[in-house]
Amino acid sequence: MRGTLPLAFAGLLPLTRNTERDMKKVITRFAPSPTGHLHIGGGRTAIFCWLLARHFGGEFRLRIEDTDSERSRQEYTDSILASMKWLGLDWDGELTYQSRRLDVYNSYVDKLLASGHAYWCDCSPEEVEAMREVARAKGEKPRYNGRCRERGLGPGEGRVVRLRVPDEGRIVFDDMVKGHIAVDVAELDDMVLRRADGMPTYNMAVVVDDHDMGVTHVLRGDDHVSNTPKQILLYQALGFDLPTFGHVPMILGPDRQKLSKRHGARAVIEYEQDGLLPQALVNYLVRLGWSHGDQEIFSMDELVHLFDGTSLNSAAAAFDPEKLQWLNAHYLRETPPARIAEMVEPFMEKKGVSLDRGMLEKLVPLYRERSANLVELAEDMALYQPGADVECEEKAAKSLTDEGKGHIAALRGIFAGLAEFDEASLEAAIHEYVEKGGLKFKQVGPPLRAALIGRAGGPSVHLTLCALGREESLRRLDRVLA
RNA sequence: GUCCCUAUCGUCUAGACGGCCCAGGACAACGGCCUUUCACGCCGUCAACGCCGGUUCGAAUCCGGCUGGGGACGCCA
């Protein structure tokens with residue numbers, strides 16, 4: 001039996017138009033392990049898988065890989081699902097939990113045992129580690145030495161089941177994004193399929209699940225390329241048809257190092273908290289590693305239409321927070337004010353700010369192009385909190401000279417007497433005051449703005465006055481004059 | 001250490017068939033315009049084919065080597 005396994009060969013299934021109609025229904029999956037929040041790397045992979053399925057009118061399945069009972073937590077599963085929803089990714093069918101399929105994995109392990117593709121092993125972790133050391137010392141790849149291969153062991157306490165890897169040959173497959181990949185089986189070792197505690201290992205569970213779920217396209221992170229040959233061996237041993245594999249590159253930090261805590265936000269939930277719009281994150285992530293000519297902005301519909309699994313970059317890309325912010329600012333300007341008002345309210349609440357809806361909707365159009373995200377927007381909205389004594393920034397305070405205060409006092413009287421406190425009347429009133437006094441607007445605008453919102457920049461003063469309303473405007477002017 | 005993957009502006013990238021590329025777009029930076037301010041918007045500037053060989057009339061595009069970067073070598077996923 002040994003060394004006689006047929007060599008694996010995963011035929012290329014190019015996603016081109018001519019083969020599209022011949023292909024069976026595309027089924028993709030995203031399979032996170034609930035040991036942390038959904039990170040942007042995983043998020044991007046999920047988006048790609050989702051897009052591929054939606055583009056071809058197939059199915060997108062979600063599977064929770066919780067075979068590591070030590071580290072898996074329900075709260076992370078919840079968090080991942082919440083992030084998926086926030087990103088706008090819906091999935092088909094029931095959620096699959098690997099922890100509930102232990103019997104299935106074990107029945108396949110039994111089949112492999114029966115067919116001679118796998119064997120029991122009683123080597124302790126320490127012994128195996130020693131074997132690896134020996135190999136390393138010889139300049140070889142550290143691996144298990146196959147000690148129990150021919151011992152004919154049966155089940156027993158502390159024993160694991162290992163795959164019997166062929167003695168020679170090459171595993172060859174064509175990756176959707178990386179192209180032709182070939183690995184010598186000598187690089188692989190007899191990996192554990194079933195742990196001593198009866199739980200399946202990652203590679204075992206993945207192969208069984210992907211097969212059972214009918215997955216046709218396994219799109220996943222770059223860090224799994226070296227698992228693929230091992231999994232192909234398992235597909236072969238189990239007699240399963242091979243899916244098409246695709247490995248998308250990792251996302252690097254701005255310094256081109258592996259993304260880590262040092263780089264700030266990594267989880268999609270953090271970006272949500274940072275006030276980003278989901279569409280901006282999706283657009284950014286997709287564009288990182290995939291392109292369509294010179295196009296930068298893509299709607300979800302466009303992505304579904306355009307994303308067919310080609311044009312994926314094969315080299316790792318560095319994450320650029322500035323471009324993300326730029327995209328976010330873009331989407332902020334595109335989103336209807338009422339919708340933005342709705343989204344910014346939770347952020348205002350966090351700051352203890354609450355404006356009535358009418359005022360908020362008046363303010364949003366004035367501020368959305370001055371903010372890159374909802375946190376900044378909320379900060380600006382805080383300036384309008386009725387009754388708030390806004391602290392005046394230094395740059396603005398400079399305009400509150402005696403002359404400036406004189407203008408404020410004069411205008412205060414005019415505003416108080418206005419029949420209508422609306423945009424047109426306010427603009428006209430200020431205009432008239434400037435004209436009649438032979439003044440420059442520069443002498444009047446800045447001090448007014450400083451008195452009202454304590455800032456040197458912002459919307460036109462008459463719009464600010466109008467948004468604040470007569471009562472609050474006069475209160476703020478009086479505060480400066482006092 | 002071993003194996004796998006990878007290599008165009010600071011960053012994300014365009015670049016089927018080698019000539020249309022003294023390399024295009026976007027972010028950032030810088031300068032300007034617009035604007036009563038701050039933004040937005042608009043215009044412009046700076047800036048790259050890692051290195052060495054080879055193939056060719058001609059290479060960012062093909063081949064080889066080098067170097068750089070990433071990943072993997074678990075009873076983690």
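Just so it is clear: chains get the letters A, B, ... in the order the sequence lines come, proteins before strands, and each one is counted from 1. This one's a predicted model, so the numbers in the text were calculated from it and none came from an experiment.
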Remember a base hit wins even if backbone is also touched, and classify A:Pro229 as base, sugar-phosphate or nothing at under 4.0 Å, heavy atoms.
-> nothing
Residues of residues 131-143 of chain A with a heavy atom under 4.0 Å from any atom of RNA chain B, listed by number, are A:Arg132, A:Gly139, A:Lys141, A:Pro142
Going by the side-chain contact (heavy atoms from CB on, under 4.5 Å) test, name the single residue among A:Leu113, A:Asp212, A:Leu234 that passes it with A:Tyr108.
-> A:Asp212
By a strict heavy-atom criterion of less than 4.0 Å, which residues belonging to residues 363-373 of chain A are in contact with RNA chain B?
-> A:Glu369, A:Arg370
Give a yes/no on whether any side-chain N or O of A:Gln257 is located under 4.0 angstrom from OP1 or OP2 of B:G70.
-> yes
Out of B:U37, B:G70, B:A26, which nucleotide sits closest to the side chain of A:Trp326?
-> B:A26
For nucleotides 5-14 of chain B, just jot down a letter per nucleotide in 5' to 3' order: B, S or -, based on protein non-hydrogen atoms under 4.0 Å.
-> SSS---SBSS
Given the P atoms of B:C27 and B:C63, what is the spacing between them in whole Å?
-> 34 Å
Could you give the distance separating B:U61 and B:G18 at their C1' atoms, to the nearest angstrom?
-> 6 Å
Where does the angle between the aromatic ring planes of A:Trp290 and A:Phe307 fall among parallel (under 30°), tilted (30 to 60°) and perpendicular (over 60°)?
-> tilted
For B:A77, does either OP1 or OP2 sit under 4.0 Å from a side-chain N or O belonging to A:Thr67?
-> yes
Result of checking A:Thr201, A:Leu112, A:Val192 against A:Arg162 for side-chain contact (heavy atoms from CB on, under 4.5 Å) = A:Val192
Which part of the nucleic acid does A:His247 contact within heavy-atom distance under 4.0 Å: base, sugar-phosphate only, or nothing?
-> nothing
Is there a donor-acceptor contact under 3.5 Å linking the side chains of A:Tyr331 and A:Asn283?
-> yes
Answer yes or no: side-chain N or O of A:Asn203 and base N or O of B:A77 forming a donor-acceptor pair under 3.5 Å.
-> no
Mind checking A:Arg194 for me? I need base, sugar-phosphate or nothing, with any heavy atom below 4.0 Å counting as a touch.
-> nothing
Contact class for A:Cys121 vs. all strands (heavy atom < 4.0 Å): base, sugar-phosphate, or nothing?
-> nothing
Can the positive tip of A:Arg63 be found less than 6.0 Å from the middle of the six-membered ring of A:Tyr97, inside 45° of the ring normal?
-> no
Does the side chain of A:Arg455 get closer than 4.0 angstrom to OP1 or OP2 of B:A39 through an N or O atom?
-> no
